[in-house]
2 protein chains.
Amino acid sequence: MAQPDTVTRILDTAEVLFAERGFAETSLRNITSKAKVNLAAVNYHFGSKKSLIQAVFARYLDPFTERFHRALDELEARHERDGSEIPLEELLETMARTVLEVPAERNSLKVFMRLLGLAYSQAQGHLRGYIQSEYGDVFTRFTELVRRATPELPDAERFWRLHFILGSVIFTLSGLDALRDIAEHDYGERVSVSDLVLRLRPVVVSAMQAPLPG
Amino acid sequence: MAQPDTVTRILDTAEVLFAERGFAETSLRNITSKAKVNLAAVNYHFGSKKSLIQAVFARYLDPFTERFHRALDELEARHERDGSEIPLEELLETMARTVLEVPAERNSLKVFMRLLGLAYSQAQGHLRGYIQSEYGDVFTRFTELVRRATPELPDAERFWRLHFILGSVIFTLSGLDALRDIAEHDYGERVSVSDLVLRLRPVVVSAMQAPLPG
DNA sequence: CTCAGTTAGAAACGATTGTTTGAATCTTCG
DNA sequence: CGAAGATTCAAACAATCGTTTCTAACTGAG
């Protein structure tokens, strides 16, 4: 089998190492030596370490946003025909399906989620700005649809609940390996990612439908 | 006012910088220069950067675990007298109260939560091991009480739901500043930490009581 | 006061970081 | 083939990192 080209080998290796140790803790020498690529190749092909980090995200987020937009188009068209509102469950289902779909093509969902978690928690100010400016639109569109699906919730309440849920998902899936080991050791059952998504569904729906705070 | 001693000045400065930028991204020179302390002071008083990181956590977690154990003692004693089980709401309430209590003495809860979030997300393998070995007991005790309060949940399901909730809390509170700015800008209301805890309560309870996945 | 022990300070250590350089090699196409 | 451009490579760059060393200053007990 032919070796993938240098750019691909760098991206493949970088996303795994970034997901394992974080950005600052992963040196370009770690990446290039494991990828069997010359050190200077990163700066040659990507310009800088910052740009490499952004490129790693783009390789996930570009196809994700495209598919998600398409899925929302279809969902809206279907409900526009019969004049019904899109129910919350369908919106969450669509998002979950798209999230599961995209990384399946290449790497594991775990890496994708770890990266998302790092984007929120690590310093890397440039990353948050980059993601917001490049991919903020699809999130805005989604939240607007959620707004129409949950008209009983005050706007601020819905905002916070969406972030509670985002925290659950990112935290759980990005720490999946460690948690899975504990769960397997203590309860003897090995969960897959789709098991977890199945477990998340009723919890997420209940969270969104919780009574308003007194 | 008398300057706090060197050790305290280092810890005060380190916890803020760690919370802002992470561990790897915060150099000892950042800390010592901002704390107006000699560079060598960190290695003299703490031995290494690793030990400094652990000391920062210990200053929060030592009083937290002590108070939390005491609060659980009291809760158990009260319910042992009338033979009733401790309801889930009381357990969550007790934990929330203790979490809010401890950092109020010194710094903001935000820093405490940012640090907890970093402990989970950052590489720093030594940190997870340290926290687990030093403070694992109180968490084990708490989960056992939650088990008795939710006998209808399978053990594995309860394990995962607790971590879903942990994710919500840590993610939201550790990203509080950024989220608060957005919420204030979009919805014109400035939330406090206790507002957020108030909002979290019904969501968390509903999450734990969600129907089992099909 | 004196002296032992603790703390503070300036300077340097070796190691590692991201990046740049310039020559060597490979690829492409007229 | 052969020249032009793209890519690879080894080496070095300056900057920064955590840590160590050694001396100076301070502190409290006899």
Side-chain angles (χ1 to χ4, degrees), chain A residues 1-59 115 118-119 122-127 129-130, chain B residues 1-59 115 118-119 122-127 129-130:
Chain A
M1 66 181 194
Q3 280 262 61
D5 67 7
T6 303
V7 170
T8 307
R9 282 223 303 287
I10 292 175
L11 286 172
D12 287 344
T13 312
E15 71 177 22
V16 171
L17 292 182
F18 285 154
E20 280 175 2
R21 332 183 193 175
F23 306 114
E25 294 88 347
T26 303
S27 70
L28 294 185
R29 285 170 178 81
N30 291 153
I31 298 170
T32 54
S33 69
K34 185 164 184 186
K36 297 201 196 310
V37 151
N38 188 271
L39 169 63
V42 171
N43 288 281
Y44 176 75
H45 288 285
F46 296 93
S48 66
K49 186 180 181 180
K50 269 191 194 177
S51 307
L52 170 62
I53 295 176
Q54 295 180 355
V56 166
F57 275 85
R59 205 165 56 139
L115 291 176
L118 289 178
Q122 301 253 120
Q124 302 293 341
H126 70 98
L127 230 193
Y130 169 77
Chain B
M1 63 181 197
Q3 282 262 61
D5 66 8
T6 304
V7 170
T8 307
R9 282 223 303 288
I10 292 175
L11 286 173
D12 287 344
T13 311
E15 70 176 24
V16 171
L17 291 183
F18 284 154
E20 280 176 2
R21 331 183 194 176
F23 306 115
E25 293 88 347
T26 304
S27 71
L28 294 184
R29 286 171 176 83
N30 291 154
I31 298 171
T32 54
S33 69
K34 185 164 183 185
K36 294 200 200 308
V37 151
N38 188 272
L39 169 63
V42 170
N43 287 281
Y44 176 76
H45 286 286
F46 296 93
S48 68
K49 187 180 179 180
K50 270 190 194 177
S51 307
L52 170 63
I53 294 175
Q54 295 179 356
V56 165
F57 275 85
R59 203 163 60 137
L115 292 176
L118 289 178
Q122 302 253 118
Q124 301 293 338
H126 69 98
L127 229 194
Y130 169 77

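All values below come from the heavy atoms of this structure, side chains included, with hydrogens, waters and symmetry mates left out. We name chains A, B, ... by the order of the sequence lines, and we start the count at 1 in each one.
- Across the protein-nucleic acid pair, B:His126 atom NE2 and D:dG18 atom C1' stand 13 Å apart, rounded to whole Å.
- A donor-acceptor pair under 3.5 Å links the side-chain atoms of B:Asn30 to the main chain of B:Ser27, judged by distance alone.
- To the nearest angstrom, C1' of D:dC17 lies 16 Å from CG of B:Leu17.
- Heavy atoms only, all atoms of each residue included: A:Glu25 and B:Ala24 are closest at OE2-CB, 3.5 Å.
- Look at CZ on A:Phe23: it is 17 Å from C1' on C:dT17, rounded to the nearest Å.
- Residue contacts for B:Thr32: at a heavy-atom cut-off of 4.0 Å it reaches no nucleic acid atom on any strand shown.
- Listed pair A:Thr6 / D:dT7 fails the phosphate criterion, with no side-chain N or O lying under 4.0 Å from OP1 or OP2.
- Summarising the geometry, the separation between NZ on B:Lys36 and P on C:dA10 is reported as 13 Å, rounded to the nearest angstrom.
- Taking CD1 from B:Ile10 and CD1 from B:Ile31, the interatomic distance works out to 8.5 Å, rounded to the nearest 0.5 Å.
- No side-chain heavy atom of B:Asn38 sits less than 4.5 Å from a side-chain heavy atom of B:Thr6.
- OP1 or OP2 of D:dC17 has at least one side-chain nitrogen or oxygen of B:Ser27 nearer than 4.0 Å.
- Between the CZ atom of B:Arg29 and the C1' atom of C:dA12 there is a distance of 11 Å, rounded to whole Å.
- If you take CD1 of A:Ile31 and P of C:dT16, they are 17 Å apart, rounded to a whole angstrom.
- Remark: P of C:dT25 and CG of A:Asn38 are 14 Å apart, rounded to the nearest angstrom.
- Using a 4.0 Å cut-off between charged nitrogen and carboxylate oxygen, B:Lys34 and B:Asp12 do not count as a salt-bridge pair.
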Next on the checklist: Only Watson-Crick and G-U wobble pairs with both distances less than 3.5 Å should count. Give DNA chain C in dot-bracket notation, marking inter-strand partners with |.
Outcome noted: ||||||||||||||||||||||||||||||
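- Proximity of residues 39-54 of chain A to DNA chain D (heavy atom under 4.0 angstrom from any strand atom) is restricted to A:Ala40, A:Tyr44, A:His45.
- A heavy-atom distance below 4.5 Å is not found between the side chains of A:Val56 and A:Ile53.
- Separation of atoms CZ (B:Phe18) and CG (B:Leu52) is listed at 4.5 Å; rounding is to 0.5 Å.
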Next on the checklist: Using side chain to side chain contact (heavy atoms under 4.5 Å, CB included), reason through B:Leu11 and B:His45 one step at a time and then give a plain yes or no.
Outcome noted: CA-CA 11 Å; B:Leu11 286 173; B:His45 286 286; over 6 Å; no
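- When rounded to the nearest whole Å, the span between CD of A:Glu25 and C1' of C:dT17 equals 13 Å.
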Next on the checklist: For a side chain to side chain contact (heavy atoms under 4.5 Å, CB included) check, start with the C-alpha distance between A:Leu127 and A:Phe23, then their side-chain angles and the critical distance, and finish with the verdict.
Outcome noted: CA-CA 11 Å; A:Leu127 230 193; A:Phe23 306 114; 3.8 Å; yes
